[in-house]
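Down below is the structure, laid out as structure tokens.
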Amino acid sequence: MKFVRFLLVAALLATMAPAARAADPYEINAILPLTGNIAFVGQTQLQALKGVEAYINRTGGIGGRPISFVVADDQNDPKTSVLLAQNLIAKNVPVILGSSSPQACAAMEPLIRNGPVMYCLSQAGSAPAGSYQFFAHPYDPSFSVTFRFFRERGWHKIAYIVSTDGGGQDAERTILAGAQLPENKDVQLVAREHFSPLDLSVSAQMARIKAANPDVVIAWATGGPAGTLFRAEHDAGIDLPTYTTTGNLTANFIKQYGALFPAGSVYFATVPLYAGDALNSPATRSAIALMSSELGTMGAKPDMVGIGSWDPAMVVVSALRKLGTGMTATQLRDYLDNLRGWVGVNGPYDYRAMPQRGLTPNSLLIVRWDPALNSAVAVSKFGGSALPVK
């Protein structure tokens, strides 16, 4: 009798084991700079991932199985990013979210020629169609949206200062490409300056920019290095419209450096979150409302940085819900390559029209930081056509 009871218990445990395993969280791996000089980016993107995780698990997970984002800290050091990626690749994971800088993503790209899918959470960078590397946010390879806005505002004399890292080099390439387009024949690049993200002063560069008498200044860096630019611009008495990367359109950055912004105002090319209801479709408004609600429960507000991980995480989950937890890297890449009509916080995606991103430059609009409202205000339509000045 005892032997029979033992067999019954063993059989019961055997039937329960697969169910228990099925309830284990499905892990989605990410590499983020949780410490280091852009830790605010990694921490904000981590918060967005936690919001996605809470929402997905509350709405059924992946076929009833919860998800868990497992995040490793690369400290914004590309060498560390590579080591972390190698460890994950050895485990045959189908996807890695991250990292958050173009330098880290570029360093890891040679490792993934045959997978896994790596969804870089940086706006800058590029990969050929059919690659396993994808990028967050719309990308404007010739600054067409920005230059269109500048033209329509009558800003033809442009000075720029860019960092010497990967993001700055990419920005300079796109500025120069845009300046050569026929529609920008009246554009004059009156000053072209560079600086290291480690520089504590750029006063000499700002003096040359001021002497060039531009209509608008492009100050391209993120985080602390961007703060160095705005401080130097302020100290040089440059009170001109200034355009910078949307990586600085965050509450933390503006709290720290907003007092240094020129009265001529600061502009960004950014995404539907900042467009307002009048410019967004109902589906995009719904996606924005969802993100805002989920982050609100965590005491956070959505911003450009958080969006950088929200949409990639949500689209990967959409693939898992279709393909199942046995999804391979190749299946995920093929799913993304053929995905059209999926709507996220950044609007409708079409990876056939814009491989590796799903978003065209027409997903961007120009906003101005309004200190009186403590918010960004749309000053163009999608694509950069200037709205009337109020």
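For clarity, every value in this text was computed on a predicted model and none was experimentally measured. For the single chain, residues carry numbers from 1 onward in sequence order.
For the pairing with V202, the side-chain contact (heavy atoms from CB on, under 4.5 Å) check across I209, D235, L229 returns one residue only, L229.
Side chains of S318 and Y335: a donor-acceptor N/O pair is present below 3.5 angstrom, by distance only. Y349 and D311 share a donor-acceptor pair across their side chains, judged by distance under 3.5 Å alone. Defined by atom type and a distance below 3.5 Å, a donor-acceptor pair is missing between the side-chain atoms of N362 and T360. Looking at R173 and S126, their side chains never bring a donor and an acceptor atom within 3.5 Å of each other.
Taking the six-membered ring where tryptophan is involved, the planes of F261 and F230 are tilted, since the angle between them lies from 30° to 60°. The aromatic rings of F147 and F150 sit perpendicular to each other, their planes meeting at more than 60°, with 30° as the lower class boundary. Note on ring orientation: taking the six-membered ring where Trp is involved, the planes of F149 and Y267 are tilted (angle from 30° to 60°).
For G247 against V305, the heavy-atom pair with the smallest separation is O-CG2, 3.9 Å. In terms of heavy atoms, A221 sits closest to T245 at O-CG2, 3.0 Å. Here the closest non-hydrogen pair linking S99 and L32 is OG-CA, 4.0 Å. Closest approach of Q103 to G167, counting heavy atoms only: OE1-N, 4.1 Å. The shortest non-hydrogen separation linking Q45 to S100 is OE1-OG, 2.5 Å. Between T284 and P348, the shortest heavy-atom distance links the atoms OG1-CD, 4.0 Å.
Between V345 and P302, every side-chain heavy-atom pair lies at or beyond the 4.5 Å cut-off. A heavy-atom distance below 4.5 Å is found between the side chains of L365 and F382. L240 places none of its side-chain heavy atoms less than 4.5 Å from the side chain of V216. Residues H194 and V162 meet the side-chain proximity criterion, which asks for heavy atoms closer than 4.5 Å. Under the 4.5 Å side-chain criterion, counting only non-hydrogen atoms from C-beta, M118 is not in contact with L97. At least one side-chain heavy atom of I112 sits less than 4.5 Å from a side-chain heavy atom of P116. Considering only heavy atoms from C-beta on, L189 comes within 4.5 Å of L176 through its side chain. Side-chain contact between M327 and I62 is absent, with no heavy-atom pair separated by less than 4.5 Å.
Residue R148 holds its CZ atom at 10.0 Å from CD of E183, rounded to the nearest 0.5 Å. If you take OG1 on T242 and CD on E233, they are separated by 3.5 Å, rounding to the nearest 0.5 Å. Annotation: the span from K50 atom NZ to E294 atom CD amounts to 14.0 Å, rounded to 0.5 Å. Distance check, rounded to the nearest 0.5 Å: CH2 of W220 to CD of E172 gives 12.5 Å. Rounding to the nearest 0.5 Å places CG of L249 at 9.0 Å from CD1 of I307. The structure places CE of M108 at 5.0 Å from CD1 of I31, a figure rounded to the nearest 0.5 Å.
Side-chain heavy atoms closer than 4.5 Å link hydrophobic residues (I, L, V, M, F, W, Y) into clusters, and following such links, even through other members, never connects W342 to F135. Hydrophobic clustering, with ILVMFWY side chains joined whenever heavy atoms are under 4.5 angstrom apart, groups Y257 together with Y243. Note on V377 and V367: separate hydrophobic clusters, where clusters join Ile, Leu, Val, Met, Phe, Trp and Tyr whose side-chain heavy atoms are under 4.5 Å apart, directly or indirectly. The hydrophobic cluster containing Y55 also contains M291, counting ILVMFWY residues as joined when their side-chain heavy atoms lie under 4.5 angstrom apart, directly or transitively. Note: the hydrophobic cluster containing W155 does not contain V217 (ILVMFWY, side chain heavy atoms under 4.5 Å, direct or indirect links).
Checked for salt-bridge contact, E27 and K91 miss the test: no charged N lies under 4.0 Å from a carboxylate O. Remark: R208 engages E193 in a salt bridge, criterion side-chain N to carboxylate O under 4.0 Å. Salt-bridge annotation for D215 and K157: absent, with no side-chain N of the basic residue lying under 4.0 Å from a carboxylate O of the acidic one.
Under the 3.5 Å distance criterion, the side-chain polar atoms of N184 are left unmatched by any main-chain donor or acceptor of L181. Within the 3.5 Å criterion, the main-chain N or O of S131 finds no donor-acceptor partner in the side chain of R333. At least one donor-acceptor pair closer than 3.5 Å links the side chain of E152 to the backbone N or O of A386. Judged by distance alone, with hydrogens and angles left aside, the side-chain atoms of N280 form no donor-acceptor pair with the main-chain N or O of R285 at under 3.5 Å. Counting only distance, with no hydrogens or angles, the side chain of Q43 and the backbone of L34 share a donor-acceptor pair below 3.5 Å. Formation of a donor-acceptor pair under 3.5 Å by the R357 side chain with backbone atoms of A136 is found in this model. In terms of modelled atom types and a separation under 3.5 Å, the side chain of D199 and the main chain of S201 share no donor-acceptor contact. At distances below 3.5 Å, not a single donor-acceptor pair connects side-chain atoms of N57 with backbone N or O atoms of P66. One N or O on the side chain of Q169 and one on the backbone of T164 form a donor-acceptor pair closer than 3.5 Å. In terms of modelled atom types and a separation under 3.5 Å, the side chain of E53 and the main chain of F69 share a donor-acceptor contact.
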Self-check item: Chi angles and distances behind the side-chain contact (heavy atoms from CB on, under 4.5 Å) call for V271, M304
Solution: CA-CA 8 Å; V271 294; M304 184 67 183; 3.6 Å; yes
Practice problem: Assess whether side-chain contact (heavy atoms from CB on, under 4.5 Å) is satisfied between S363 and N346, documenting all intermediate values. | Solution: CA-CA 7 Å; S363 300; N346 278 337; over 6 Å; no
Exercise. Evaluate side-chain contact (heavy atoms from CB on, under 4.5 Å) for L387 paired with V379, printing each intermediate quantity in order.
Key: CA-CA 5 Å; L387 293 170; V379 290; 5.5 Å; no
Self-check item: side-chain hydrogen bond (donor to acceptor under 3.5 Å, both in side chains) between T250 and D303, worked out
Solution: CA-CA 6 Å; T250 69; D303 63 18; 5.0 Å; no
Practice problem: Go through the steps to decide whether F268 and T244 satisfy the test side-chain contact (heavy atoms from CB on, under 4.5 Å), and finish with yes or no. | Solution: CA-CA 6 Å; F268 308 82; T244 190; 3.4 Å; yes
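Among residue pairs with one or both ends in residues 83-118, those qualifying as disulfide bond (SG atoms under 2.5 Å apart) are C105-C120; sequence neighbours excluded.
No more than 12 heavy atoms of other residues, nucleotides or ligands shown are found within 6.0 angstrom of CG on N92. The 12-atom threshold is not exceeded at CG of L200, counting heavy atoms of other residues, nucleotides or ligands nearer than 6.0 Å. Residue N114 qualifies as open at atom CG: its count of foreign heavy atoms under 6.0 Å is 12 or below.
Ring-centre distance between F143 and Y160: not below the 6.0 Å cut-off.
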